[in-house]
Amino acid sequence: MATKYWTNGAGDGSISNASNWSPSGAPSASDVLIFAESPAGATSSDVVGGDYTSLGTLGEIRIGAGFTRSFGSSSSFVKIIADQVVSDSGGVVYLDVDCNTATSKVVVTGGASAITFFYLKGDVQELRITGGSGTVEVQAATGFSPGSGYTEVDAVVISSAPDVILSIEGNVSSNDTISIDSGVINSSCAVGTLDMYGGDFTQSGTGALTAVNVYGNSYFKHKGTGTITTLTVSNGTAEFRDNQSDGVTVTNATVNGGVIDLSNSLQNITFTNNITSNGGTILPPLGGTVAISY
């Protein structure tokens with residue numbers, strides 16, 4: 001295993017060119033690749049997108065805040081395999097990565113302000129976002145071939161990142177768990193378990209949600225169709241708003257505190273079972289009829 005610093009000494013922007021690294025030599029399996037403006041010889045010049053999977057499984061890719069140029073492009077993502085990716089890039093990152101061993105992660109600790117600064121696709125065990133003040137976009141199409149044929153992200157965590165927006169395209173699969181305590185997530189794909197301790201989450205499209213748990217000062221908004229198997233609101237707000245004509249079906253719903261807001265749901269939401277209320281507030285659809293039994 002070696003640690004290599006990006007220099008772009010050959011000037012062609014290619015990760016696989018031996019002359020673009022200090023110490024000199026093409027990266028190989030288990031190496032740590034660092035893209036930064038220091039130490040001496042390192043540079044933040046552009047990285048050219050392309051297929052770098054022939055380098056093997058790299059140990060780690062680190063993109064520092066001093067790296068202010070593009071890492072790939074919108075038409076040519078950097079396609080690569082790595083155990084872990086950590087990005088605080090001051091530029092824009094276009095990454096198509098196979099990072100799906102049991103402990104692997106893509107960690108975004110920061111990024112360029114007020115723009116979409118990180119574009120991600122591939123096969124990812126965990127996407128963890130802990131900083132930044134722009135948008136991270138997870139795209140569905142990928143150069144890899146995970147089981148679904150689309151980008152797979154097994155777990156998503158947003159922690160202490162109030163200024164980040166995460167956008168997840170439809171057809172992105174897995175999403176076994178999503179945990180958010182700050183920031184914003186806009187999703188149109190299926191989710192296994194969504195745990196909200198803060199922040200905002202908006203569901204559009206037809207993606208099914210298995211379990212939604214709303215805690216803390218959080219805001220869950222459902223604007224799509226599809227289904228929710230279990231909705232539990234202990235604090236914060238769960239709002240159903242402007243749903244499409246075929247609406248949304250909720251099998252089990254419990255409110256322990258906070259608010260379930262149906263007032264803007266156009267009355268096309270179906271609760272298969274009664275809502276269990278242990279406290280909190282339920283706002284009915286405008287013009288609708290609510291039966292209360294006890």
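- Linking Ile, Leu, Val, Met, Phe, Trp and Tyr whenever their side-chain heavy atoms come within less than 4.5 Å puts L262 and I228 in one cluster.
- Just one of N8, D46, T43 meets the side chain to side chain contact (heavy atoms under 4.5 Å, CB included) condition when paired with R69; it is D46.
- Criterion: ILVMFWY side-chain heavy atoms under 4.5 Å apart, direct or through other members. Under it, I61 and L55 are part of a common hydrophobic cluster.
- At least one side-chain heavy atom of N100 sits under 4.5 Å from a side-chain heavy atom of D154.
- G49 and V78 get closest at one heavy-atom pair: CA-CG2, 4.0 Å.
- Taking NZ of K79 as the start and CG of D98 as the end, the distance is 9.5 Å to the nearest 0.5 Å.
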Kindly indicate, with the supporting measurements, whether the criterion side-chain contact (heavy atoms from CB on, under 4.5 Å) is fulfilled by L95 and V85.
CA-CA 10 Å; L95 181 66; V85 178; 3.9 Å; yes
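- A cation-pi contact, defined as under 6.0 Å to the ring centre and within 45° of the axis, is absent between K221 and F240.
- At least one side-chain heavy atom of E137 sits under 4.5 Å from a side-chain heavy atom of E169.
- Under a 3.5 Å cut-off, the side chain of S148 and the backbone N or O of Y150 do form a donor-acceptor pair.
- Between the side chain of Q203 and the backbone N or O of C189, at least one donor-acceptor pair lies under 3.5 Å.
- A distance of 10.0 Å separates CD1 of I63 from CG of L33, quoted to the nearest 0.5 Å.
- When every heavy atom of I115 is checked against every heavy atom of A112, the shortest pair comes out as CD1-CB, 3.7 Å.
- Classified by interplanar angle (parallel below 30°, tilted 30° to 60°, perpendicular above 60°), the ring pair F35/W6 is tilted.
- Counting non-hydrogen atoms of neighbouring residues, nucleotides and ligands closer than 6.0 angstrom, the CZ atom of F144 exceeds 12 such neighbours.
- Clustering ILVMFWY residues whenever any of their side-chain heavy atoms sit less than 4.5 angstrom apart, transitively, puts Y197 in a cluster other than the one holding I178.
- Within the 3.5 Å criterion, the main-chain N or O of Y215 finds a donor-acceptor partner in the side chain of S218.
- Contact annotation: the side chain of V97 approaches that of L120 to within less than 4.5 Å [non-hydrogen atoms, C-beta and beyond].
- In this structure, T151 contributes its side chain and Q139 its backbone to a donor-acceptor pair below 3.5 Å.
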Walk me through whether S263 and D261 qualify under side chain to side chain donor-acceptor pair (under 3.5 Å).
CA-CA 6 Å; S263 61; D261 186 355; 2.6 Å; yes
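- Remark: L194 CG to L209 CG distance equals 7.0 Å, nearest 0.5 Å.
- Within the 4.5 Å cutoff, no side-chain heavy atoms of D96 are placed close to those of Y119.
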Apply side-chain contact (heavy atoms from CB on, under 4.5 Å) to residues T193 and V191 and explain how you reach the verdict.
CA-CA 6 Å; T193 299; V191 179; over 6 Å; no
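- When every heavy atom of T130 is checked against every heavy atom of A161, the shortest pair comes out as C-CB, 3.9 Å.
- Side chains of L166 and V184 form no contact here, defined as non-hydrogen atoms less than 4.5 Å apart.
- Taking the six-membered ring where the residue is Trp, F201 and F220 present parallel rings, their angle staying beneath 30° rather than reaching 60°.
- In the model, S87 has no side-chain atom that pairs as donor or acceptor with a side-chain atom of S89 under 3.5 Å.
- S104 places a side-chain N or O within 3.5 Å of a backbone atom of C99 that can act as its donor or acceptor partner.
- No side-chain heavy atom of I15 sits less than 4.5 Å from a side-chain heavy atom of N20.
- One distance of note links NE2 of H222 with OG1 of T202; it measures 10.5 Å at 0.5 Å rounding.
- Residues I165 and V157 are members of separate hydrophobic clusters, defined by side-chain heavy-atom contacts under 4.5 angstrom among Ile, Leu, Val, Met, Phe, Trp and Tyr.
- Residues A190 and N175 approach most closely at O-CB, 3.4 Å, considering heavy atoms.
- Contact detail for A26 and D31: the closest heavy-atom pair is O-OD2, 4.5 Å.
- Side-chain contact between N273 and T251 is present, with heavy atoms from C-beta onward closer than 4.5 Å.
- Of the possible donor and acceptor atoms, one in the side chain of T7 sits under 3.5 Å from a partner among the backbone N and O of G9.
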Evaluate the side-chain contact (heavy atoms from CB on, under 4.5 Å) criterion for residues V164 and T135: first the C-alpha distance (whole Å), next the side-chain angles of each, then the deciding distance (0.1 Å), finally the verdict.
CA-CA 6 Å; V164 164; T135 299; over 6 Å; no
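- For the pair I168 and N186, the minimum side-chain heavy-atom distance is 4.5 Å or more.
- In terms of heavy atoms, N256 sits closest to T232 at ND2-CG2, 3.8 Å.
- Here the straight-line distance linking atom CZ of R62 with atom CD1 of I34 works out to 4.5 Å at 0.5 Å rounding.
- Around CG of N217, the count of heavy atoms belonging to other residues, nucleotides or ligands within 6.0 Å does not exceed 12.
- Between the side chain of K4 and the backbone N or O of G25 there is at least one donor-acceptor pair closer than 3.5 Å.
- In this structure, S73 contributes its side chain and S76 its backbone to a donor-acceptor pair below 3.5 Å.
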Under the side-chain contact (heavy atoms from CB on, under 4.5 Å) rule, what do I269 and V250 come out as? Steps first, then yes or no, please.
CA-CA 8 Å; I269 175 171; V250 181; 4.2 Å; yes
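- Between the NZ atom in K105 and the CD atom in Q84 there is a gap of 6.5 Å [rounded to 0.5 Å].
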Verify side chain to side chain donor-acceptor pair (under 3.5 Å) between D12 and S14, making sure each step is shown before the conclusion.
CA-CA 6 Å; D12 63 0; S14 172; 4.7 Å; no
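- Put simply, the side chain of E152 gets close to the backbone of G147: a donor and an acceptor are under 3.5 Å apart.
- Using a distance-only test at 3.5 Å, with no hydrogens or angles considered, no donor-acceptor pair links the side chain of S204 to the main chain of G224.
- Of the N and O atoms on the side chains of D176 and S174, not one donor lies less than 3.5 Å from an acceptor on the other residue.
- Residues I158 and V86 are members of separate hydrophobic clusters, defined by side-chain heavy-atom contacts under 4.5 angstrom among Ile, Leu, Val, Met, Phe, Trp and Tyr.
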